[in-house]
2 protein chains.
Amino acid sequence: MAKSTKPFGNAPLPTEAELAILQILWKLGPSTVREVHTALQSRRTGYTTALKQMQVMTEKGLLTRSERYRSHVYEARIPQEQTQLLLTRNLLQRAFDGSAKDLVLGALSAQPVSASELAEIRKMLDRFEKRNS
Amino acid sequence: MAKSTKPFGNAPLPTEAELAILQILWKLGPSTVREVHTALQSRRTGYTTALKQMQVMTEKGLLTRSERYRSHVYEARIPQEQTQLLLTRNLLQRAFDGSAKDLVLGALSAQPVSASELAEIRKMLDRFEKRNS
DNA sequence: GATTATATACGACGAAGATCGTTGACATAC
DNA sequence: GTATGTCAACGATCTTCGTCGTATATAATC
């Protein structure tokens, strides 16, 4: 029993290093280990480290792997938005006692937010307001 | 060298279990190990586990301890808002590439948000808009 | 077909986190 | 003053994460 075939749902939240790899794959699309590794200059880590990690991630259901070619091609199994949602929900529960308002406050305080970004956020609020009515 | 006396700044981000304990202390105020442990029913963990964890947290600078009484009294050393801010900033960098907008989107999508809460969020936006002008 | 370059597979290790058992100190009740 | 209960201290274990070294497969080149 492993090799889960479910969509996701059972995939665990990615760890720190796993998230870094996912970021690359979301940006580049399906990639080989080498491509991911070189895109990962920030972390001064070896090639086999990235390889191992991606293998583990595949077992966990975070990635899928195509072995058709000599160099296996990996792909994120879960879309970025889905993962962001889960991570946010997780933080919301763990640190904010479920208060979305406080989390938004945190997000805005965490770094300077441009005026245009504030405008976009307002638009989102409008959309949510309609949805709830 | 340990026993840091700085305000915080050097205190690390709390781990999962540590955050759960901090939540209790923020809510109850200064408390003994037993009080924290009983307030922590969710985690089916033993008394000594909580004790050990709080001792470690004290070494790390996350808690302070008063030994005046027979039962030591622990207190969160870092205010809740400060920790929330750091955690949010952390998530923002790790998973959202710094896009506050996407994080807000995540926060609103993570769970149903009431109309009154939306209104409060709007007020916050107003405040931020003024601040940036 | 021997050499070289590049992949993957496998296993190990160290650090950190979480959990708990045991021990010894210290009260309080009998 | 002995027994009982509560507490802090300490050390041990187990797990997860991140990291890498080594071995093995395979393709390309000479």
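Reminder, nothing fancy here: chain letters follow the sequence lines and each chain counts from 1. All values reported here derive from a predicted model rather than from experimental measurement.
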Engineer: Return no unless some side-chain N or O of B/Arg65 is found under 4.0 Å from OP1 or OP2 of D/dC7.
Structural biologist: no

Engineer: Of the listed nucleotides (C/dT19, D/dG18, D/dT22), which one gets closest to any side-chain atom of B/Gln53?
Structural biologist: C/dT19

Engineer: Looking at C/dT8, does its base get a donor-acceptor pair with the side chain of A/Arg70 below 3.5 Å?
Structural biologist: no

Engineer: The side chain of B/Gln55 is closest to which nucleotide in this list: D/dA8, D/dG18, C/dA18?
Structural biologist: D/dA8

Engineer: Hey, does the side chain of A/Thr48 come within less than 4.0 Å of D/dT19's phosphate (OP1/OP2), counting only N and O?
Structural biologist: no

Engineer: The side chain of B/Lys60 lies closest to which of these nucleotides: C/dG17, D/dT19, D/dC17?
Structural biologist: C/dG17

Engineer: With a 4.0 Å limit, can you tell me whether A/Thr49 has a side-chain N or O closer than that to the phosphate oxygens OP1/OP2 of D/dC20?
Structural biologist: yes

Engineer: Could you check whether any side-chain heavy atom of A/Leu108 comes within less than 4.5 Å of a side-chain heavy atom of B/Leu125, counting everything from C-beta outward?
Structural biologist: yes

Engineer: Mind calculating the distance between CD (A/Glu18) and C1' (D/dT16) to the nearest angstrom?
Structural biologist: 10 Å

Engineer: For A/Thr45 and for B/Arg34, find the nucleotide of DNA chain D with the closest heavy atom, then tell me which residue's nucleotide is more 5'.
Structural biologist: B/Arg34

Engineer: Using a heavy-atom cut-off of under 4.0 Å over every strand shown, decide if A/Thr15 touches base, sugar-phosphate, or nothing.
Structural biologist: sugar-phosphate

Engineer: Is A/Tyr47 close enough to C/dT8 that one of its side-chain N or O atoms is under 4.0 Å from OP1 or OP2 there?
Structural biologist: yes

Engineer: Which nucleotide wins on minimum distance to the side chain of A/Lys52, given the candidates D/dG18, C/dA18, C/dG11?
Structural biologist: C/dG11

